[in-house]
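Everything on this sheet refers to the single structure shown next.
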There are 2 protein chains.
Amino acid sequence: MQAFRSRNKAGRATGRMTLKDVAVRAEVSLITASRALRGVGRVSPELAERVKEAAAALNYVPDPAARALASSHSMAVTVLVPTLNNPATGDLLEAVHAVLQDAGFQVLIGDTHYSREQEERLLRNYLSHRPRGLIVTGFDRSEESRGLIAGSGIPCVHVLELANTPGVYCVGFDQAKAGETMTRYLLEKGHRRIAFGAVIDPRSMLRAEGYRRAAKAAGTYDPGLEFLRAGYASIRMGAEIFAEAIERRPDIDAMFFSNDDLAHGALFTALRRGIQVPEQIAIAGFNNLEEGAYTVPPLTTIHTSRAGIGRRAAQMLLTLMRGEEVAEPVVDVGYELIVRESA
Amino acid sequence: MQAFRSRNKAGRATGRMTLKDVAVRAEVSLITASRALRGVGRVSPELAERVKEAAAALNYVPDPAARALASSHSMAVTVLVPTLNNPATGDLLEAVHAVLQDAGFQVLIGDTHYSREQEERLLRNYLSHRPRGLIVTGFDRSEESRGLIAGSGIPCVHVLELANTPGVYCVGFDQAKAGETMTRYLLEKGHRRIAFGAVIDPRSMLRAEGYRRAAKAAGTYDPGLEFLRAGYASIRMGAEIFAEAIERRPDIDAMFFSNDDLAHGALFTALRRGIQVPEQIAIAGFNNLEEGAYTVPPLTTIHTSRAGIGRRAAQMLLTLMRGEEVAEPVVDVGYELIVRESA
DNA sequence: GAATGTGAAGATAGCGCTAACACGCCCGCC
DNA sequence: GGCGGGCGTGTTAGCGCTATCTTCACATTC
């Protein structure tokens with residue numbers, strides 16, 4: 001608020017308190033002040049105390065840019081997500097943010113819009129800030145991006161998907177197996193003509209794989225039952241996909257959507273058109289968004305723990321950034337089949 | 001990818017290309033390279049060209065930390081939102097992000113969790129990074145926070161709400177008036193016992209004001225018809241509020257929720273319990289989230305342009321950061337009453 | 001034709017901080 | 001009694017870039 005500082009000849013000062021002001025007030029050298037505040041190296045308790053008092057009195061806040069420049073690494077962590085416009089992403093980010101923020105890190109969020117090119121661009125840009133850590137979504141990316149990540153030497157945790165490559169850290173669950181689980185459930189319930197609806201994105205395509213696996217194993221697989229679209233998952237998109245599906249294939253007796261949003265759209269459409277769910281056609285989703293418990297009928301879906309993934313990933317990254325060993329480089333948080341009335 | 005650099009005695013180099021490497025390759029001085037790449041000052045076209053070529057050849061990326069340190073400002077913009085877990089926030093952030101990213105800025109997103117203390121903490125933290133600009137949500141904040149913003153001298157744009165204080169820049173709409181518009185509409189439709197449901201947060205409270213204004217003007221105001229809760233807006237919360245409302249006040253003939261999520265919860269509950277909407281009770285929401293067009297019955301709501309607000313705010317901030325005059329410091333993007341079948 | 005002005009380029013000095021090394025000092029050891 | 005060896009502290013030299021001042025060539029003015 002007050003407390004002016006005497007300024008150097010050049011007059012290029014920024015006006016705020018610097019470490020030097022703290023050092024002067026505490027009557028120690030610059031480096032001792034630095035060490036005391038960072039808690040590194042050996043500083044006697046008395047001096048450390050004096051420095052901290054001085055810093056508090058002067059309301060000193062370290063300059064992250066100077067810190068980054070001198071130490072050649074920042075306190076920033078970059079998180080790359082495929083979209084910001086999605087409740088699942090929101091859950092994940094909230095959790096990541098909370099954990100990293102508490103640990104004193106700055107979280108930089110990048111939105112790739114499900115584009116490899118955009119991801120590469122963002123990676124290049126964010127990496128120039130020398131973040132201390134990296135969290136990226138899944139494994140679908142350009143070779144260039146992969147190279148940038150590996151070449152940066154920055155600890156990186158992959159979220160949502162799982163991989164068994166040595167040296168790769170990830171927190172997620174088996175998307176394909178989850179898709180398979182749901183399809184199997186529908187098969188067990190006696191459904192034979194199970195359609196699959198999705199927007200084309202990496203996770204959805206993994207779920208599609210699971211769907212195909214189960215359908216093929218049951219001998220019911222029919223490519224004509226797959227309804228895939230480009231674009232973003234939304235209620236509207238789900239309504240459209242569902243309308244198209246029942247028109248083109250009136251024989252469908254169940255439909256599995258790779259995403260709750262899509263399933264909600266289908267549910268609304270069914271309700272409006274008087275199509276009985278699940279009697280005429282069963283509907284299932286994926287993610288277990290909150291509203292699924294309230295729709296009419298409530299939605300059968302796969303529960304995924306976005307917040308849990310975010311938390312675990314952030315914690316794993318913290319460990320990696322400390323330079324410690326990670327006991328479990330691949331964390332499978334699992335998923336859960338939530339059976340409600342829609343299927 | 002390759003190209004090692006000879007290193008200084010201290011051996012403290014970071015391994016990446018520096019401006020010096022570019023200058024050497026282009027056979028110009030350091031400062032000329034700097035000027036050429038930044039496009040400031042006077043550099044002859046030939047030299048500028050040579051520098052740019054050298055930079056491209058070396059795959060040079062400027063170090064933001066060094067830049068920030070030397071020039072005492074960064075290329076970062078801080079955006080503070082009350083929650084990440086909300087489709088409306090997602091829309092806004094996407095738009096802000098897109099505009100600022102294109103202009104070469106780094107977007108730092110902070111999540112205040114609707115807490116003044118948290119906002120203050122974040123402000124202190126983010127301000128230490130010397131961001132070039134600031135976007136904050138609304139006007140409800142601590143005196144300390146206000147002081148931090150004003151004292152920082154950093155251009156700041158407020159979003160979602162409007163204010164007429166000189167020197168304050170904002171992009172939003174009149175939340176109270178929007179609440180009033182909806183309430184008036186319900187009154188016009190002949191409803192007399194209009195309940196109001198909301199979670200307690202600044203914007204909702206402004207909408208509540210509008211609700212009260214209209215109800216009082218019509219002589220129908222009854223404090224017992226307000227159902228406010230602490231917490232986050234959600235479908236579940238809406239279902240709970242609605243259940244409580246109709247139990248405590250079975251005479252309610254309409255209910256206006258400050259938020260579409262809440263209204264959806266109410267709609268689902270009504271559907272499940274066989275309550276006719278709008279015949280027995282009309283339901284209205286706020287925000288015009290996508291799904292409102294698909295619910296049964298479709299939701300009457302207030303359309304707000306989150307993406308538009310984000311875009312305009314980012315553009316205004318860009319202007320301010322260039323040091324230019326802003327023609328219109330208060331941008332009212334308005335809102336629109338969307339009449340559907342629920343009311 | 002000397003004084004003045006006008007770019008274009010460079011030299012220099014930091015921005016605020018930390019890494020690396022240097023220096024005392026006290027301890028214990030043979 | 002001398003000597004290695006921690007340990008606490010300080011000195012120095014940057015990190016990679018930009019602000020500021022200077023220089024210098026060349027054009028302009030009376």
Side-chain angles (χ1 to χ4, degrees), chain A residues 5-51 55 58-75 128-130 132, chain B residues 5-51 55 58-75 128-130 132:
Chain A
R5 308 192 296 127
S6 65
R7 290 313 316 157
N8 344 36
K9 27 208 150 160
R12 197 131 79 74
T14 45
R16 52 193 239 189
M17 287 301 148
T18 71
L19 188 58
K20 191 172 179 187
D21 299 305
V22 175
V24 167
R25 187 176 225 265
E27 300 184 289
V28 297
S29 73
L30 209 60
I31 191 66
T32 300
S34 170
R35 287 201 268 248
L37 292 176
R38 279 181 299 151
V40 304
R42 7 219 103 242
V43 178
S44 69
E46 311 90 79
L47 284 197
E49 186 52 32
R50 238 162 65 204
V51 169
L58 295 177
N59 212 345
Y60 167 73
V61 183
D63 181 329
R67 227 170 218 198
L69 184 57
S71 68
S72 74
H73 59 239
S74 67
M75 281 300 275
S128 80
H129 288 77
R130 308 173 190 287
R132 197 66 161 282
Chain B
R5 309 192 296 126
S6 66
R7 289 316 314 159
N8 344 36
K9 26 214 151 153
R12 196 134 78 74
T14 46
R16 53 191 239 188
M17 287 303 149
T18 72
L19 189 58
K20 191 174 179 184
D21 300 304
V22 175
V24 167
R25 188 177 225 265
E27 299 183 290
V28 297
S29 73
L30 206 60
I31 190 64
T32 300
S34 171
R35 287 201 267 248
L37 291 177
R38 280 181 299 150
V40 303
R42 9 220 98 241
V43 178
S44 69
E46 311 90 78
L47 284 197
E49 187 51 33
R50 236 161 68 203
V51 169
L58 295 177
N59 212 346
Y60 167 73
V61 183
D63 182 329
R67 227 169 220 199
L69 185 57
S71 67
S72 74
H73 60 240
S74 67
M75 282 299 275
S128 80
H129 287 77
R130 306 173 190 287
R132 196 67 161 279

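Within every chain, numbering begins at 1; the chains are lettered A, B, ... in the order of the sequence lines, protein sequences first and strands thereafter.
In this structure, the NE2 atom of His73(B) is 9 Å from the C1' atom of dT18(D), given to the nearest Å. Straight-line distance from the CG atom of Leu69(B) to the C1' atom of dC17(D): 8 Å, rounded to whole Å. What separates CE of Met17(A) from P of dC17(C) is a distance of 12 Å, to the nearest Å. Atom CG of Leu19(A) and atom C1' of dT18(C) are 9 Å apart (whole Å). Atoms NZ (Lys20(B)) and P (dA11(C)) sit 12 Å apart, rounded to a whole Å. Atom CZ in Arg42(A) sits roughly 16 Å away from atom C1' in dG10(D) (whole-Å rounding). For Asp63(A) and dG14(C), the CG to P distance is 18 Å, given to the nearest whole Å. The separation between Arg130(B) atom CZ and dC17(C) atom C1' is 12 Å, rounded to whole Å.
Ser74(B) pairs by the side chain to side chain contact (heavy atoms under 4.5 Å, CB included) definition with Ala68(B), Ala76(B), not counting sequence neighbours. Ser128(B) meets the side chain to side chain contact (heavy atoms under 4.5 Å, CB included) test with Arg16(A), Val61(A), Pro64(A), Asn125(B); sequence neighbours excluded.
When all heavy atoms of Ala48(A) and Ala36(A) are compared, the pair lying nearest together is CA-CB, 3.9 Å.
Here Arg38(B) reaches the OP1 or OP2 of dA19(D): one of its side-chain N or O atoms lies under 4.0 Å away. For dC17(D), the OP1/OP2 oxygens have no side-chain nitrogen or oxygen of Ser71(B) closer than 4.0 Å. Distances shown here put a side-chain N or O of Arg67(B) below 4.0 Å from the OP1 or OP2 atom of dT18(D).
Interatomic distance, CZ of Arg130(A) versus CG of Asp63(B), reported as 4.5 Å (0.5 Å rounding). With values rounded to the nearest 0.5 angstrom, Arg35(A) atom CZ is found 10.5 Å from Leu30(A) atom CG.
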Show the distances under 3.5 angstrom between N or O atoms of the protein and N or O atoms of nucleotides 4-6 of chain D.
none

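Residues of residues 23-36 of chain A having a heavy atom closer than 4.0 Å to DNA chain D, listed by number: Ser29(A), Ile31(A), Thr32(A), Arg35(A).
Screening residues 23-34 of chain B for salt bridge (charged side-chain N to carboxylate O under 4.0 Å, His left out) gives no qualifying pairs among residues at least two apart or on separate chains.
Under a 3.5 Å cut-off, the side chain of Arg132(B) and the backbone N or O of Met75(B) do not form any donor-acceptor pair.
Residues Val28(A) and Val43(A) form no side-chain contact, since every pair of their non-hydrogen atoms from C-beta on lies 4.5 Å or further apart.
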Tyr60(B) and Leu19(B): CA distance, side-chain angles, deciding distance, side-chain contact (heavy atoms from CB on, under 4.5 Å) verdict: CA-CA 8 Å; Tyr60(B) 167 73; Leu19(B) 189 58; 3.8 Å; yes
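For the helix from dG1(C)-dC30(D) to dC30(C)-dG1(D), the terminal axes (five pairs an end, C1' atoms, rotation from four pairs onto the next four) enclose an angle of 40°, given to 10 degrees.
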